[in-house]
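Within every chain, numbering begins at 1; the chains are lettered A, B, ... in the order of the sequence lines, protein sequences first and strands thereafter.
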Protein chains: 2
Amino acid sequence: MVLVMSAREDLLDALEGLLIDDGERAATLDAVAARAGVSKGGLLYHFPSKAALFDGLAGRLRDLAAADLELMATAPDGPSAYYVRSSVWEDTAFDRTLVAASRLSWTEDAPVRRAFADVRASWLALILEEVGDPAAAEAIMLIGDGLYYNAVLGGSSAPDGTVAGSRDLDGLLAVVARLREGRA
Amino acid sequence: MVLVMSAREDLLDALEGLLIDDGERAATLDAVAARAGVSKGGLLYHFPSKAALFDGLAGRLRDLAAADLELMATAPDGPSAYYVRSSVWEDTAFDRTLVAASRLSWTEDAPVRRAFADVRASWLALILEEVGDPAAAEAIMLIGDGLYYNAVLGGSSAPDGTVAGSRDLDGLLAVVARLREGRA
DNA sequence: GTCTATAGTACGATAGAC
DNA sequence: GTCTATCGTACTATAGAC
């Protein structure tokens with residue numbers, strides 16, 4: 001169940017890769033199938049339509065987010081620090097799914113967008129619970145959002161944008177710690 | 001020169017509207033022309049190709065950003081506060097151009113992306129100059145990025161996402177002020 | 001400066017062999 | 001479970017009338 005790299009997962013990986021590297025428009029059925037090493041007919045056996053393919057991505061997002069949320073809730077340095085740390089692009093499976101989903105979240109209205117909104121709501125709830133102050137919690141949430149925004153803008157697997165390139169994570173975490181402790 | 005609402009500007013407005021409302025894929029030549037009230041042939045007279053149309057958006061972004069940067073540099077409450085305030089979605093012309101551009105910045109590699117990166121670099125330079133501390137400047141920059149990320153995710157002209165809906169701008173500005181003054 | 005008509009390509013999806 | 005072949009549509013862009 002775990003070692004079997006099914007064609008289904010290969011196809012979702014290919015979809016993510018195309019969304020991350022080249023954007024929504026590049027994620028055609030032909031391109032996804034080719035990148036996964038199957039034919040278009042093979043793709044359409046696993047996902048009967050393009051909408052079904054995107055549903056698959058939304059499901060993966062929910063699964064990975066649920067697992068990540070447990071780690072966030074029990075992080076030694078607290079949910080806020082975990083959230084900001086993990087918002088830096090590191091090309092993890094969750095990173096890839098999140099960025100891919102964010103590039104679909106407005107255009108494919110229904111499932112990806114809703115999954116994305118739910119994930120973000122659960123993050124905010126944990127941070128607010130830890131921090132207490134709504135304004136500070138909002139600022140921390142926005143810093144993480146900003147990190148993902150840079151990752152999304154960066155595009156390729158090794159973003160090198162203006163801000164993203166020379167990122168001082170330790171300094172940033174120190175700022176977040178002060179925000180969390182109410183000294184800001 | 002100012003009062004003349006040329007077809008060229010109408011077309012760029014239509015392009016922005018489609019990108020904001022329905023995403024990159026909806027911004028076809030047919031749709032842009034129809035929304036601007038001209039035929040496809042009319043569009044292609046002003047912008048001989050789709051790339052030229054996107055170039056036009058990049059040019060508008062640079063023009064509006066240059067004007068906004070002067071306001072930011074001379075803002076009474078300082079560049080950081082101006083930046084955070086103006087990062088909240090208010091459906092201004094600049095807001096619309098920025099969100100439209102961000103939805104193209106990864107897929108149309110060349111001109112929109114470069115214009116966007118240049119604009120962000122100039123913002124960061126002003127903030128760093130004011131704040132001094134790189135980590136605090138980065139945090140402020142990221143908060144603004146996060147606000148725009150929410151606007152981009154929000155999609156329509158009246159975003160109502162998890163965080164975007166109940167935004168406490170005053171509280172946020174207070175946090176930013178403390179960051180700027182080094183007390184965080 | 002704006003239109004219609006159309007060429008050529010790429011897309012999503014179906015049908016049916018294997 | 002994966003393939004090839006194909007249909008109908010939508011896209012970018014060109015040609016040429018007005």
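- Scored by the side-chain hydrogen bond (donor to acceptor under 3.5 Å, both in side chains) test, Ser87(A) finds no partners at all (sequence neighbours excluded).
- For residues 37-53 of chain A, every residue pair satisfying the side-chain hydrogen bond (donor to acceptor under 3.5 Å, both in side chains) rule, not counting sequence neighbours, is listed here: Asp30(A)-Lys40(A).
- End-to-end axis angle of the helix from dG1(C)-dC18(D) to dC18(C)-dG1(D), using five pairs per end and rounding to 10°, comes to 10°.
- A search for salt bridge (charged side-chain N to carboxylate O under 4.0 Å, His left out) contacts involving Arg85(B) returns Asp77(B), not counting sequence neighbours.
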A correct 5'-to-3' footprint of nucleotides 3-18 of chain D, with B, S and - meaning base, sugar-phosphate only and no protein heavy atom under 4.0 Å, is BB------SBBB----

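- The shortest side-chain heavy-atom distance between Leu126(B) and Tyr83(B) does not fall under the 4.5 Å cut-off.
- By the 30° and 60° cut-offs, the orientation of the rings of Trp123(B) relative to Tyr148(B) is parallel.
- Regarding Leu53(A), its CG atom lies at a distance of 14 Å from the C1' atom of dA13(C), rounded to whole Å.
- A close approach under 4.0 Å does occur between a side-chain nitrogen or oxygen of Tyr45(B) and OP1 or OP2 of dG1(C).
- What separates CZ of Phe47(A) from C1' of dT2(D) is a distance of 15 Å, to the nearest Å.
- With values rounded to the nearest 0.5 angstrom, Leu104(A) atom CG is found 6.5 Å from Leu57(A) atom CG.
- Follow the hydrophobic side-chain contacts under 4.5 Å out from Ile143(A) and you never reach Leu128(B); the two are in separate clusters.
- In this structure, the side-chain hydrogen bond (donor to acceptor under 3.5 Å, both in side chains) partners of Asp68(B), at least two apart in sequence or on a different chain, are Tyr82(B).
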